[in-house]
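Dumping the structure here so I can ask a few things about it.
Values in this document were obtained by computation on a predicted structure and should not be read as measured data.
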Amino acid sequence: MDLSRRSFLAGSAAAVGSLALPGTARAAALPADVSRAVIDSTMARFTPATFGGWSYQKALYLYGQYLFYKRTGEWKYLEYIKAWVDRFVTDAGISNQFNSLDSMRPVQLLPLLYAETGLWKYRTAAEQLRRRFATYPRTTDGGLIHNVNMKGELWCDGVYMALPFLALYGRTFGDAQYCYEEAAKNMAVYFKHLKSDNGLMFHAYDQDGSAPWAKSNGGRSTVHWGRAIGWFGMTAVDLLEVLPANHPRRASLIDIVRHLAAGYRRYQGATTGMWYQVVNKSTDTRNWRETSCSAMFTFMLSRGVQRGYLGEEYRQVAAKGYKGVLGQLSVGADGLTRLVDICEGTNIGDEDYYFNRLRRVNDTHGLGAFLIMNEQLRAQ
């Protein structure tokens, strides 16, 4: 780590550590490795048996923990992930019909565990999901719908739940031709329907316009919700990590990253570096700075600069976002970390609906995004 990087982290940690909530004891300074602190705190709070059921948000967190394991090589962190997955995966595979994109995200962990352990059951279960794509419902232009009970609906969130798995499966198990094309094509379909001219995305699209939220915007919802947009940006850069340099759809994925980066820069908080729950409504008094989307935006910006998809002018946008998100983390008197202002799981609605979502502490939507962001930023 270079001196400027070390100084930045030390300064951020000291500044954050000096803050205390009203009526509480002064918080401890952040440790040098905040990923380790967040993971150790989570493992102290939950065993694999009590960590929760099969869900995308738990899998998001565990993927962040996997990235930490890959950096450190400390087996106990992989063992925790494996123990959680093994609650659901047997030698016969997994009992899941995969009737929603959300149900697919945890399968992202299976090719990773297969590569680490060589255990065939992880491949068996991953193959079950791969086969499901042959029959999973789509829009008329090929977009994977969010849930089989939501005919024709595409949600920004859904791409992260399914497409990185497809790409990883294709690379790991020699199924690249179908998996790469299907994943990248879906990004193009979703982007066509959900792109906004202000550099952001709308949360959802309904093909026949019958959903209550799809009446006034060409079949699209009307709100720019932060985390939905964050999922989309992370998916684009994750796919670019896997698709070969000569793949014909790489350029369109880079265009998505650049579209979003312009929007992220436009709406970043001038003083905090963070982004808002409803991204383009920072002056609305009902709005609030949201941690998970801020971490996701920061990750995409940093990876985009690192890989050359974005110009150097975005490096400071990412650094400012990183400092802002670090400011959401503290260490309590019990020695455990506390990450605040994380939006709970969210459906589609009007502005009031998003403004009034609960602001959680240590919700895995935020913890996972934080770890993914930190493992990216600390490496630069």
Exercise. First locate atom CG of Leu129, then atom CZ of Phe98, and finally report the distance between them rounded to the nearest 0.5 Å.
Key: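 Going from the CG atom of Leu129 to the CZ atom of Phe98 covers 5.0 Å.
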Exercise. Find out if a path of hydrophobic residues (ILVMFWY) with successive side-chain heavy-atom gaps under 4.5 Å connects Met234 to Tyr66.
Key: yes
Quiz item: What about Ile348 and Leu101, same hydrophobic cluster or not, with Ile/Leu/Val/Met/Phe/Trp/Tyr joined at side-chain heavy-atom distances under 4.5 Å?
Solution: no
Quiz item: Do Tyr190 side-chain atoms and Leu144 backbone N/O form a donor-acceptor pair below 3.5 Å?
Solution: yes
Exercise. Please indicate whether Asp197 has more than 12 foreign heavy atoms, meaning atoms of other residues, nucleotides or ligands, lying under 6.0 Å from its CG.
Key: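 No - once you tally the heavy atoms of other residues, nucleotides and ligands closer than 6.0 Å, there are 12 at most.
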Practice problem: Test the Lys281-Tyr276 pair against the cation-pi criterion, namely NZ or CZ under 6.0 angstrom from the six-membered ring centroid and within 45° of the ring axis. | Solution: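 Pair Lys281/Tyr276 does not count as cation-pi.
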Exercise. Supply the atom-to-atom distance Tyr69 OH to Glu74 CD, rounded to the nearest 0.5 angstrom.
Key: 10.5 Å
Quiz item: Does anything in residues 226-235 pair up under side-chain hydrogen bond (donor to acceptor under 3.5 Å, both in side chains), and if so which pairs, sequence neighbours excluded?
Solution: Arg227-Ser292
Practice problem: Dump the intermediate steps for side-chain hydrogen bond (donor to acceptor under 3.5 Å, both in side chains) on Gln277 and Trp225, then the final yes or no. | Solution: CA-CA 6 Å; Gln277 167 79 342; Trp225 178 48; 3.2 Å; yes
Quiz item: Does a sphere of radius 6.0 Å around CD in Gln177 hold more than 12 heavy atoms from other residues, nucleotides or ligands, not counting ones at 6.0 Å or beyond?
Solution: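 Atom CD in Gln177 is not crowded, with 12 or fewer foreign heavy atoms closer than 6.0 Å.
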Practice problem: I would like to know whether Asp341 and Arg359 meet salt bridge (Lys or Arg N to Asp or Glu O under 4.0 Å); could you show each step before the answer? | Solution: CA-CA 5 Å; Asp341 293 336; Arg359 300 159 70 167; 3.3 Å; yes
Quiz prompt | Exam field: side chain Gln376 to backbone Phe299, donor-acceptor pair closer than 3.5 Å | solution = no
Quiz item: Between Asp206 (side chain) and Ala211 (backbone), is there a donor-acceptor pair under 3.5 Å?
Solution: yes
Quiz item: Mind checking whether Trp84 and Trp54 have parallel, tilted or perpendicular rings, split at 30° and 60°?
Solution: parallel
Practice problem: Could you walk me through whether Lys185 and Glu182 pass the salt bridge (Lys or Arg N to Asp or Glu O under 4.0 Å) test, one step at a time? | Solution: CA-CA 5 Å; Lys185 181 184 77 175; Glu182 185 68 12; 3.6 Å; yes
Quiz item: Is a salt bridge present between Asp33 and Arg71, judged by a nitrogen-to-oxygen distance below 4.0 Å?
Solution: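 Result for this pair is yes, salt bridge flagged.
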Practice problem: Tell me, please, whether Tyr180 has Arg249 positioned over its six-membered ring: NZ or CZ under 6.0 Å from the ring centre and within 45 degrees of its axis? | Solution: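 Here Arg249 fails the 6.0 Å and 45° test against Tyr180.
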Quiz item: Where the side chain of Arg265 meets the backbone of Tyr314, is there a donor-acceptor pair that is under 3.5 Å apart?
Solution: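 No, Arg265 side chain to Tyr314 backbone: no donor-acceptor pair under 3.5 Å.
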Quiz item: Which heavy atom in Leu301 sits nearest to a heavy atom in Ala261, and how many Å separate them?
Solution: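 Minimum heavy-atom contact is CD2-CB, 3.7 Å.
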Practice problem: Verify whether one side chain among Asn99 and Arg132 offers a donor that lies under 3.5 Å from an acceptor in the other. | Solution: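 Side-chain D/A pair, Asn99 to Arg132: present.
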Practice problem: Could you check His203 against Val223 for side chain to side chain contact (heavy atoms under 4.5 Å, CB included), going step by step and ending with a plain yes or no? | Solution: CA-CA 6 Å; His203 190 174; Val223 179; 5.9 Å; no
Quiz item: Under 4.5 Å between side-chain heavy atoms, hopping through other hydrophobics if needed: is there a path connecting Phe297 to Trp288?
Solution: no
Quiz item: Which value, rounded to the nearest 0.5 Å, describes the distance between Met274 atom CE and Tyr322 atom OH?
Solution: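 The OH atom of Tyr322 is 14.0 Å from CE of Met274, to the nearest 0.5 Å.
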Quiz prompt | Polar side-chain atom of Tyr205 near backbone of Ala214 as donor-acceptor pair, under 3.5 Å | solution = no
Quiz item: Between Arg286 and Asp352, is there a salt bridge with N-O shorter than 4.0 Å?
Solution: yes
Quiz item: Where the side chain of Ser302 meets the backbone of Thr298, is there a donor-acceptor pair that is under 3.5 Å apart?
Solution: no
Practice problem: Report yes or no: does Thr291 contribute a side-chain atom to a donor-acceptor pair with the main-chain N or O of Val340 at less than 3.5 Å? | Solution: yes
Practice problem: Answer yes or no: are there more than 12 heavy-atom neighbours, outside Arg357 itself, under 6.0 Å from its atom CZ? | Solution: yes
Quiz prompt | Check ion pair Asp208-Lys151 (N to O, under 4.0 angstrom) | solution =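 Between Lys151 and Asp208 there is no salt bridge, as every charged N stays at least 4.0 Å from the carboxylate O atoms.
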Exercise. Could you check whether the rings of Trp155 and His146 sit parallel, tilted or perpendicular, using 30° and 60° as the cut-offs?
Key: parallel
Quiz item: Quick one: do Met187 and Tyr264 end up in the same hydrophobic cluster if we chain Ile, Leu, Val, Met, Phe, Trp and Tyr together by side-chain heavy atoms under 4.5 Å apart?
Solution: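 Yes, Met187 and Tyr264 fall within the same hydrophobic cluster.
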Quiz item: Which is it for Tyr61 and Gln65 under the side-chain hydrogen bond (donor to acceptor under 3.5 Å, both in side chains) test, yes or no, and what are the steps along the way?
Solution: CA-CA 6 Å; Tyr61 165 81; Gln65 181 163 319; 2.7 Å; yes
Quiz item: Roughly how far apart are Tyr77 OH and Asp40 CG, rounded to 0.5 Å?
Solution: 3.5 Å
Quiz prompt | Partner of Arg303 under side-chain contact (heavy atoms from CB on, under 4.5 Å), chosen from Leu377, Val237, Leu240, Ile372 | solution =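 It is Val237, the one option of Leu377, Val237, Leu240, Ile372 that forms the side-chain contact (heavy atoms from CB on, under 4.5 Å) with Arg303.
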Quiz item: Is there a path from Phe355 to Trp275 through hydrophobic residues (I, L, V, M, F, W, Y) whose side chains come within less than 4.5 Å of each other?
Solution: no
Exercise. Carefully, step by step, assess Ile145 and Tyr136 under the rule side chain to side chain contact (heavy atoms under 4.5 Å, CB included).
Key: CA-CA 8 Å; Ile145 67 173; Tyr136 192 85; 4.1 Å; yes
Quiz prompt | Verdict with supporting geometry, Met373 and Ser294, side chain to side chain contact (heavy atoms under 4.5 Å, CB included) | solution = CA-CA 9 Å; Met373 174 201 71; Ser294 295; over 6 Å; no
Quiz item: Centroid-to-centroid, Phe191 to His259, below 6.0 Å?
Solution: yes
Practice problem: State the CD-CZ distance between Gln328 and Phe370, to the nearest 0.5 angstrom. | Solution: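 The distance works out to 10.0 Å.
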Quiz item: Do other residues, nucleotides or ligands put more than 12 heavy atoms under 6.0 Å from Gln316 CD?
Solution: no
Self-check item: Derivation and outcome, side-chain hydrogen bond (donor to acceptor under 3.5 Å, both in side chains), residues Asn217 and Thr222
Solution: CA-CA 6 Å; Asn217 192 28; Thr222 59; over 6 Å; no
Quiz item: Are the side chain of Lys121 and the backbone N or O of Ala92 linked by a donor-acceptor pair below 3.5 Å?
Solution: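 It does not hold such a pair.
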Exercise. Run the numbers on Ser196 and Asn198 for side-chain hydrogen bond (donor to acceptor under 3.5 Å, both in side chains), then give the verdict.
Key: CA-CA 5 Å; Ser196 174; Asn198 62 0; 2.8 Å; yes
Quiz item: Just how far is it from atom OG1 of Thr364 to atom CG of Leu339, taken to the nearest 0.5 Å?
Solution: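 With rounding to 0.5 Å, OG1 (Thr364) is 11.0 Å from CG (Leu339).
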Self-check item: Thr346 side chain vs Glu344 backbone, donor-acceptor pair below 3.5 Å
Solution: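 Present.
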Quiz item: Parallel, tilted or perpendicular: which fits the ring planes of Phe46 and Phe51, with parallel below 30° and perpendicular above 60°?
Solution: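 Rings of Phe46 and Phe51: perpendicular, over 60°.
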Quiz item: Is the charged tip of Arg105 near the ring of Tyr63: under 6.0 Å from the six-membered ring centre and within 45° of its axis?
Solution: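 Yes; both conditions hold, so Arg105 lies above the ring face of Tyr63.
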Quiz item: What's the verdict on side chain to side chain contact (heavy atoms under 4.5 Å, CB included) for Val257 and Arg307, showing C-alpha distance, side-chain angles and the deciding distance?
Solution: CA-CA 11 Å; Val257 173; Arg307 296 290 189 252; over 6 Å; no
Quiz item: Is the backbone of Leu336 close enough, under 3.5 Å, to the side chain of Arg338 for a donor and an acceptor to pair up by distance?
Solution: no
Quiz item: Shortest non-hydrogen contact from Ala369 to Leu60?
Solution: N-CD2, 4.0 Å
Quiz item: Using 30° and 60° as the class limits, which term best fits the ring planes of Phe165 and Phe133: parallel, tilted or perpendicular?
Solution: parallel
